[in-house]
Amino acid sequence: MTSTISLRPFARVWFCYFAAMGAFMLYAPLWFRELGMSALAIGSIASLQAWTRVFAPYSWAWLADRSNDHSRLMRLAGVLCVLFALALALSGRFGGAAVSVCVALLFIANGAVIPMMEASLAHHLNLAAGGGAGARYGRARVWGSIGFMAAVLLFGVLLNAVGIRAWPWLVLLLWALLAHALWRLPLGGDPPHPEKAPVGTLAVLRRPQVAWFFLGIFLTVLAHSSLYAFFSLFAASAGMSESAIGVLWSVGVLVEIGFFWTQGHWFERLSMHNWLLLAATVSAARFAAMAAFGHWMAVLVLTQMTHAITFAAQHAACIALVSRYFPGRLRGRGQALYTTLGYGLSGVVGGVAGGALIERWGYPAVFWAASAAALLSVLCLLRSRHHEMKDSPAD
């Protein structure tokens, strides 16, 4: 199975999706600020993406399981992304409420893409079994990072030249490219699952190693929400230009690309749980350094270089463990739960609470809080590993 599946359609979608996401996450806060919004308002709008992840990915996954037609649903999602991105470009003149509605609709639409893509590829590669599947996954997933970096660098140059008010129209083009890539995915239903009927998702979530795993991931991603929502504003407050901000982000993405490309070489050296523990520990150090020394460019470059561990290794380990915990007909909903519990709830808390912390105590406060969240994640992941080792000593 793993020798015949073509990874090119997945790679194209990942490239376009993460290019659009990179252009949105890094530069949307600057556009919101241009519209006259406060840091708290910007954080609240940024959290709307996370709010939609609380329900949208699982809803799309449920529809996909019922229809057994992931491809057509992703095509529909691509069309909706273009329509809602166009509405967002037109909403700036109508105030923050209109902008908020358009952002929410846009991320409800794109909530369909990645969970179904991840579930499908993990199944075809048998990623839960380990071995060479991790290398093939990394070689496909790396194109998302390449797309992210390309968009960050290109938008930094373009926005310096034409101004931040052009941002929504430029990012609309990226959503259109994503829709085109989704329409090029091959049609066809999911292959039948040979496994016996699995237990329900709630029964899986009640297992101690799974519950502690999701709590640990929640806290690790909560720490990173400070990065995604506020790093561009933090760097801008230190006097950096849009292109300099883009270069800083590209440093993190370059090391991320390096990890994904060589994932097969590194990934078998530690268990999945140990990769997660390493990522949480490095995250705690990363955000503490940003809080204490973030006004030094050299420190920001070094902390961005840790992204290979705090994001790339962490994400790949999560995909493998979710595939292991949610096999067969549960795999789509398992990946959706990973998005919802790991990224949705944490983004909601991080966006709103981070904005409030900045309003009261400034940018360093949000990064100190991120470091504390990562340390709590270490404790949760230790509990998850403990229970996993009781059930499966090999890991």
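Under a cut-off of 6.0 angstrom, the local environment of CZ in F55 is crowded, with over 12 non-hydrogen atoms contributed by other residues, nucleotides or ligands. Atom CZ of R207 is surrounded by more than 12 heavy atoms from other residues, nucleotides or ligands within 6.0 Å.
Remark: side-chain polar atoms of S283 are not paired, donor with acceptor, to backbone N or O of A374 under 3.5 angstrom. No side-chain donor-acceptor contact under 3.5 Å links W60 to the backbone of A77. Using a distance-only test at 3.5 Å, with no hydrogens or angles considered, a donor-acceptor pair links the side chain of R286 to the main chain of T303. Judged by distance alone, the side chain of S91 and the main-chain N or O of L88 form a donor-acceptor pair under 3.5 Å. A donor-acceptor pair under 3.5 Å is formed between the side chain of Q304 and the backbone N or O of L248.
The closest side-chain heavy-atom distance from R12 to L177 is not below 4.5 Å. Between L277 and R385 there is a side-chain heavy-atom pair separated by less than 4.5 Å. At a threshold of 4.5 Å between non-hydrogen side-chain atoms, the residues Q314 and I309 do not count as touching. Counting only heavy atoms from C-beta outward, the side chains of F84 and C102 never approach each other to under 4.5 Å. Y325 has its side chain within reach of E388: a pair of non-hydrogen atoms, C-beta onward, lies under 4.5 Å apart. Within the 4.5 Å cutoff, the side chain of Y27 has no heavy atoms near those of the V171 side chain. Considering only heavy atoms from C-beta on, Q335 comes within 4.5 Å of I319 through its side chain. Between T306 and F311 there is no side-chain heavy-atom pair separated by less than 4.5 Å.
A ring-ring contact (aromatic ring centres under 6.0 Å, His included) with F24 holds for exactly one of F155, F107, F148; it is F107. Among R141, M149, M25, the single residue meeting the side chain to side chain contact (heavy atoms under 4.5 Å, CB included) criterion with F18 is R141.
Remark: L178 CG to W14 CH2 distance equals 13.0 Å, nearest 0.5 Å. The CG atom of L278 sits 11.0 Å away from atom CG of L381, with the distance rounded to the nearest 0.5 Å. Separation of atoms CZ (F260) and CD1 (I146) is listed at 11.0 Å; rounding is to 0.5 Å. From F293, atom CZ reaches atom CZ of F367 across 15.0 Å, with rounding to the nearest 0.5 Å. To the nearest 0.5 Å, atoms SG (C16) and CG (L182) are separated by 8.0 Å. Atom CG of residue L63 and atom OH of residue Y58 lie 11.5 Å apart, to the nearest 0.5 angstrom.
Note: W143 and F15 have tilted aromatic rings, judged against thresholds of 30 and 60 degrees for the angle between ring planes. Below 30°, between 30° and 60°, or above 60°: for Y338 and H315 the angle between ring planes is between 30° and 60°, a tilted geometry.
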Intermediate values then yes/no, ring-ring contact (aromatic ring centres under 6.0 Å, His included), W31 and W167
CA-CA 7 Å; W31 185 62; W167 171 83; 5.3 Å; yes
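The two residues I42 and P29 have their closest heavy-atom pair at CD1-O, 3.7 Å.
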Side-chain donor-acceptor pairs under 3.5 Å in residues 208-232, sequence neighbours left out?
| from | atom 1 | to | atom 2 | distance (Å) |
| --- | --- | --- | --- | --- |
| Q209 | NE2 | D391 | OD2 | 2.9 |
| T220 | OG1 | G216 | O | 3.1 |
| T220 | OG1 | S377 | OG | 2.5 |
| H224 | ND1 | T220 | O | 2.9 |
| H224 | NE2 | T310 | OG1 | 3.1 |
| S225 | OG | L222 | O | 2.6 |
| S226 | OG | A223 | O | 2.7 |
| S232 | OG | L26 | O | 2.9 |
| S232 | OG | W249 | NE1 | 3.3 |

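In the model, H295 has no side-chain atom that pairs as donor or acceptor with a side-chain atom of Y363 under 3.5 Å.
Taking hydrophobic clusters as Ile, Leu, Val, Met, Phe, Trp and Tyr residues chained together by side-chain heavy-atom distances below 4.5 Å, V54 shares a cluster with M21. Hydrophobic clustering places L302 together with M297 (ILVMFWY residues linked when any side-chain heavy atoms are closer than 4.5 Å, directly or through intermediates). Residues I108 and V82 fall into different hydrophobic clusters, defined by Ile, Leu, Val, Met, Phe, Trp and Tyr side chains chained together at heavy-atom separations under 4.5 Å. At a threshold of 4.5 Å between side-chain heavy atoms, the hydrophobic network of Ile, Leu, Val, Met, Phe, Trp and Tyr places L30 and L172 in two separate groups.
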